[in-house]
Amino acid sequence: MKFQAPKGTQDVLPSFAAEWNWLETSFRNTCERFGYGEIRTPVFEDTGLFLAGIGEGTDIVHKEMYTFTDRGGRSITLKPEGTAPAIRAYVQHGLGAPGQITRLYYVTPAYRYERPQKGRLREHHQCGVELLGASTADADAEVIDLTVRFYRGLGLTGIGVRLNSLGGEQCRAGYRKALLKFAEPVLKNMPEEFRERCEKNPLRMLDSKDESLQKAMRDAPNIQEYLEPESKEQFDALQDLLKTLDIPFTLEPRLVRGLDYYTGTVFEVQTDMLGAQNALCGGGRYDKLVELIGGPPTPAVGVGIGIERALMMVNAAKIHTPEAPRPDAFLVALTNNRIEVAKIVKTLRDAMIAVETDPEARSAKSQFRRADKSGAKFAVVIGDDELASRHATVKELKTGSVLKVAFELLVTHLKG
RNA sequence: GCGGCGGUAGCUCAGGGGUCAGAGCGCCUGACUGUGGCUCAGGAGGUCGAGGGUUCGAGACCCUUUCGCCGCCCCA
């Protein structure tokens with residue numbers, strides 16, 4: 001084989017495209033039910049956008065970006081996530097007048113240079129929303145509600161949210177210090193590289209999968225006890241709202257997120273069905289991001305949902321998804337008069353009837369086999385006899401029943 | 001970036017140094033020649049991921065490389 005899809009990428013073949021369309025349509029419908037408007041941004045951006053937005057200390061920026069120099073000498077990066085570009089567009093086009101609420105949603109590919117694994121690709125797809133201009137628990141609850149409704153709308157049950165609050169800047173700084181101090185004796189015995197990573201982002205230690213660290217961190221200080229009054233109040237209010245909305249959640253003091261821009265509320269939906277890549281979606285509040293990107297101070301909250309992972313869940317749950325569309329009719333041509341056949345096909349397609357034909361004009365047996373495989377409801381036989389009598393032979397493939405239908409009644413018959 | 005396991009027909013896989021290039025499914029053709037699904041009979045299709053090496057001889061052994069799967073890191 002000479003060429004194949006690049007490492008970590010996947011083709012979506014016709015037999016699977018239907019379920020992608022179904023999922024995306026479902027997502028769009030959910031968003032529009034909440035009043036969100038779609039935004040489509042370029043697949044690549046100025047590298048600086050992600051350096052500023054995602055944070056230079058994150059793994060994404062540090063080692064996972066698809067960055068290259070274009071012919072004009074610009075540093076370009078394939079977007080590794082959907083939020084920063086959406087916010088860039090929001091700022092660039094002045095979408096949010098002061099005091100205004102802006103609701104955006106997106107469906108986009110995202111690129112990260114990583115070692116592929118189950119549920120982890122170099123090109124994957126995300127859908128997500130951003131709610132800008134509101135700093136309340138109500139806004140947080142709306143985004144979580146939308147997320148859960150989306151999953152439930154796909155037929156997934158047992159969707160539970162893992163919830164935490166990272167607090168405001170001051171309390172987070174205080175907590176970091178407390179955490180580092182607590183972890184110091186443990187880190188001393190860790191490999192250098194690992195230690196550096198933890199010192200750069202101490203919160204990361206909390207959700208590490210390293211067993212000894214997990215164990216050591218069991219008695220680590222709880223961030224929820226470090227929240228300043230406003231954060232605490234908001235976090236409590238959010239929990240009350242989620243209860244009202246019938247959204248099950250668990251408090252996860254160890255839940256932190258890999259992107260620097262989060263502040264306050266963070267959440268995830270996880271599953272145990274995807275091996276090590278257990279996050280179905282991740283989101284939270286990022287009140288500083290708009291400013292970082294050069295906009296006016298604007299509170300915001302959002303979520304990013306992995307499409308491939310959602311589809312894996314749907315399939316694992318054996319949820320029935322739509323199949324590829326089938327033609328209404330398959331025209332079996334048993335004549336050399338291709339012009340007359342073409343006229344009939346044209347008439348049917350003009351009438352919005354989905355018609356498939358065999359362009360190779362094979363034997364009757366072969367064409368019927370194809371008709372059967374196409375999944376068409378009817379086989380419409382046009383041979384010299386039919387052309388002479390101006391009546392088509394129409395066979396309903398499921399039942400095998402056959403009848404003659406006058407050409408001028410064909411459209412009506414096939415539609416019925 | 002690190003570690004483990006894999007790559008043989010379109011798909012799922014057997015073969016682990018000497019007629020071993022195979023099976024099932026799929027595909028194509030046909031069964032008194034204008035009627036599918038079942039059955040039966042034929043048939044097409046593979047530089048055994050790629051490159052190098054060992055050997056009289058290599059899908060099979062060794063090295064390199066590439067892609068995939070699984071894990072670490074991290075995340076969707």
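Throughout, protein chains are lettered first and strands after them, A, B, ... in sequence-line order, and every chain is numbered starting at 1.
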Ring-face cation contact, A/Y36 with A/R103, 6.0 Å cut, 45° max: yes

Checking N1-N3 plus N6-O4 or O6-N4 for Watson-Crick, or N1-O2 and O6-N3 for wobble, each under 3.5 Å, the partner of B/G36 is none

How about A/V341 and A/T357: do any of their side-chain heavy atoms sit closer than 4.5 Å? no

Base, sugar-phosphate alone, or nothing: which one does A/G375 contact when heavy atoms must sit under 4.0 Å apart? nothing

What integer distance in Å separates A/I305:CD1 from B/A76:C1'? 10 Å

If I take atom CD in residue A/E308 and atom P in nucleotide B/C69, what distance separates them, rounded to the nearest angstrom? 12 Å

Is B/G4 syn or anti, taking syn as a glycosidic angle within 90° of 0? anti

Base B/A76 to side chain A/E114, donor-acceptor N/O within 3.5 Å cut-off: yes

Grab the NZ-P distance between A/K7 and B/G1 for me, whole Å please. 8 Å

Rounded to whole angstroms, how far apart are CE on A/M312 and C1' on B/C70? 13 Å

Suppose we call a contact any N or O donor and acceptor under 3.5 Å apart; does that hold for the side chain of A/R120 and the base of B/C74? yes

Whether A/T263 side chain and A/D287 backbone form a donor-acceptor pair below 3.5 Å: yes

For A/G8 and A/Q126, find the nucleotide of RNA chain B closest to each by heavy atoms; which residue's nucleotide sits nearer the 5' end? A/G8

Quick check against the 3.5 Å criterion: does A/K404 have a side-chain atom that pairs as donor or acceptor with the backbone of A/S389? no

Less than 4.5 Å apart, side chain to side chain, heavy atoms only: is that true for A/Y151 and A/M313? no

Roughly, in whole Å, what's the span from CZ in A/R115 to P in B/G3? 9 Å

Flag as yes if A/H124 stacks onto the base of B/A76 (centroids under 5.5 Å, planes under 30°), otherwise no. yes

For nucleotides B/G4 and B/C20, find the distance between their C1' atoms and express it as a whole number of Å. 30 Å

Would you indicate what A/I307 reaches in the nucleic acid, counting non-hydrogen atoms under 4.0 angstrom: base, sugar-phosphate, or nothing? nothing

Taking the side chain as every heavy atom from C-beta outward, state whether A/Y106 and A/T41 have any atom pair closer than 4.5 Å. no

Under a 90° cut-off about 0 for the syn range, is B/G30 syn or anti? anti

Please determine which of A/R309, A/R162, A/R254 meets the salt bridge (Lys or Arg N to Asp or Glu O under 4.0 Å) test together with A/E268. A/R162

If we take the P atom in both B/C27 and B/C38, what is their distance in whole Å? 9 Å

Rounded distance in Å between the C1' positions of B/G17 and B/G26: 33 Å

Candidate nucleotides B/C73, B/C69, B/C67, ranked by approach to the side chain of A/Q4 - the nearest: B/C67

Quick one: what's the B/S/- string for nucleotides 27-36 of chain B, heavy-atom cutoff under 4.0 Å, read 5' to 3'? SSSSB--BBB

For A/L13 and B/G26, give me the distance from atom CG to atom P, rounded to whole Å. 19 Å

